[in-house]
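Working notes for the structure below.
No experiment lies behind these values; they were computed from the predicted model shown. Just so you know, residue 1 is the first one in the sequence shown, and it goes up from there.
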Amino acid sequence: MTTKELIKRARHFTKPFRIDDGRRFRLGDIDPGDTLQLGSADKPRAKEALAMGIEALAELQDRLYAQDRWGLLLVFQAMDAAGKDGTIRAVMTGINPQGCQVYAFKSPNSEELDHDFLWRVQRCLPERGRIGIWNRSHYEEVLVVRVNPGYLDHQKLPCRPKDLTDLWAERYESIAAAEKHWARNGCAILKFFLNVSQREQHKRFLERVTDPEHFWKFSSADMAESKKWDVYMDAYQDALAATSKPWAPWYAIPADSKHYMRRAVAEIIISTLKQLRLEYPSLPARELSELERVKVEIQAE
């Protein structure tokens with residue numbers, strides 16, 4: 001498979017899972033086990049395609065870094081055990097670490113709680129020429145906090161609506177406006193919801209609690225949150241529908257098949273970078289002439 005064929009193939013993944021119209025989007029319509037008829041037997045081909053994708057991504061990152069005009073922000077949200085860490089590791093394995101920044105956002109600390117909910121992520125936006133990866137993000141404020149509204153008690157809000165539906169709507173509006181500002185200033189934004197089924201999640205939990213090497217990955221809190229599954233799905237439905245915009249689209253990627261999910265994520269990233277028309281900077285005539293002089297000098301030694 002050539003790089004050109006790989007880019008063409010990316011469209012196969014982009015269209016079905018990109019949320020273009022939040023009014024019509026229904027998370028329940030997306031099957032977490034869907035592999036677009038590729039099937040589990042396609043695992044070797046998926047791994048081969050991912051390897052090709054990593055190679056293409058490394059080349060595009062080099063151009064992104066050299067051009068120094070765009071930054072790329074990748075946001076990953078998912079339920080526990082959906083595969084965020086593994087996907088980030090697998091897809092970005094060939095990336096030059098100098099051009100990549102990874103942040104994992106956990107519960108906000110006291111300093112972060114003294115600011116608005118977007119403050120801590122704003123500080124972590126990728127610089128021009130770099131790729132920023134957020135493992136969880138500002139969306140926790142309309143997902144985990146919505147499911148567990150008691151967290152609001154620690155946020156020192158100057159005004160807390162009696163009807164929390166109004167608060168989530170305000171936060172959706174703030175998020176969309178902030179992301180539009182980032183995009184206007186050269187940050188290309190891709191947001192991935194890794195859509196794992198509860199059945200597959202529990203299967204992975206079982207693997208973690210039965211394998212001593214994976215004990216550390218499991219917390220009893222993970223199972224407690226899983227029991228709120230339907231409430232979480234409602235929160236994801238509303239958040240994705242309200243904040244998937246042309247300048248910062250959401251992709252709801254089926255995540256029951258890890259190799260398929262990783263391939264889809266990689267090819268969507270590649271497709272987006274190709275649209276930026278990244279090129280190596282061209283040198284002015286004077287500098288080209290100087291390079292030619294140095295070349296001749298070196299060859300004459």
For salt bridge (charged side-chain N to carboxylate O under 4.0 Å, His left out), just list the numbers for Arg26 and Asp29, CA-CA rounded to whole Å, side-chain angles, deciding distance to a tenth of an Å, and then say yes or no.
CA-CA 5 Å; Arg26 296 294 179 271; Asp29 293 340; over 6 Å; no
Please step through side-chain hydrogen bond (donor to acceptor under 3.5 Å, both in side chains) for the pair Asp62 and Asn96, ending with a clear verdict.
CA-CA 8 Å; Asp62 195 50; Asn96 183 341; 5.7 Å; no
Take Leu143 and Val147, measure what side-chain contact (heavy atoms from CB on, under 4.5 Å) needs, and give me the verdict at the end.
CA-CA 6 Å; Leu143 295 169; Val147 175; 6.0 Å; no
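Among pairs with a residue in residues 103-119, those fulfilling salt bridge (charged side-chain N to carboxylate O under 4.0 Å, His left out) read Glu112-Arg120, Asp114-Lys156, at least two apart in sequence or across chains. For residues 132-154, the pairs satisfying salt bridge (charged side-chain N to carboxylate O under 4.0 Å, His left out) are Asp80-Arg136, Arg136-Glu140, Glu141-Arg171, Arg146-Asp238, Asp153-Arg160, with sequence neighbours left out. Every pair tested for salt bridge (charged side-chain N to carboxylate O under 4.0 Å, His left out) that includes a residue from residues 209-218 fails, sequence neighbours excluded, so the list is empty.
Judged by distance alone, the side chains of Gln122 and His115 never bring a donor and an acceptor atom under 3.5 Å apart. Looking at Ser226 and Gln201, their side chains do bring a donor and an acceptor atom within 3.5 Å of each other.
With Ser244 contributing its side chain and Ile19 its backbone, the two residues share a donor-acceptor pair below 3.5 Å.
When hydrophobic side chains of Ile, Leu, Val, Met, Phe, Trp and Tyr are connected at separations under 4.5 Å, Trp247 ends up as a singleton with no cluster partners. Cluster note: Tyr65 groups with no other residue, as no ILVMFWY side-chain heavy atom lies under 4.5 Å from it. Listed by chain and number, the hydrophobic cluster partners of Leu206 are Phe205, Val209, Phe218, Met223, where partners are ILVMFWY side chains within reach of under 4.5 Å, directly or through others.
By the ring pair (Phe, Tyr, Trp, His ring centres under 6.0 Å) test, Phe192 is found to be paired with Phe76, Tyr251, residues two or more places apart in sequence or in another chain being considered. For Thr87, there are no side chain to side chain donor-acceptor pair (under 3.5 Å) partners, not counting sequence neighbours. In this structure, the ring pair (Phe, Tyr, Trp, His ring centres under 6.0 Å) partners of Phe105, at least two apart in sequence or on a different chain, are Trp134. Taking Arg199 as the reference, nothing meets the salt bridge (charged side-chain N to carboxylate O under 4.0 Å, His left out) condition, with sequence neighbours excluded. Shown here are the side chain to side chain donor-acceptor pair (under 3.5 Å) partners of Ser174, two or more places apart in sequence or in another chain: there are none.
If you run side-chain hydrogen bond (donor to acceptor under 3.5 Å, both in side chains) between Glu297 and each of Arg293, Gln299, Lys295, only Arg293 comes through.
The heavy-atom pair separating Pro254 from Pro32 by the smallest distance is CB-O, 3.3 Å. Smallest separation of non-hydrogen atoms from Pro249 and Ile189: CD-O, 3.4 Å.
Residues Val296 and Glu292 are in side-chain contact: their nearest non-hydrogen atoms beyond the backbone lie under 4.5 Å apart.
A continuous path of Ile, Leu, Val, Met, Phe, Trp and Tyr side chains, each step under 4.5 Å between heavy atoms, connects Leu164 with Val144, placing both in one hydrophobic cluster. In terms of hydrophobic clustering, with Ile, Leu, Val, Met, Phe, Trp and Tyr side chains grouped at heavy-atom distances under 4.5 Å, Phe117 and Leu157 are assigned to a common cluster.
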Donor-acceptor contacts under 3.5 Å from residues 229-236 side chains, at least two apart:
from, atom 1, to, atom 2, distance (Å)
Tyr232, OH, Glu225, OE1, 2.3
Tyr236, OH, Ala78, N, 3.3
Tyr236, OH, Ala78, O, 3.4

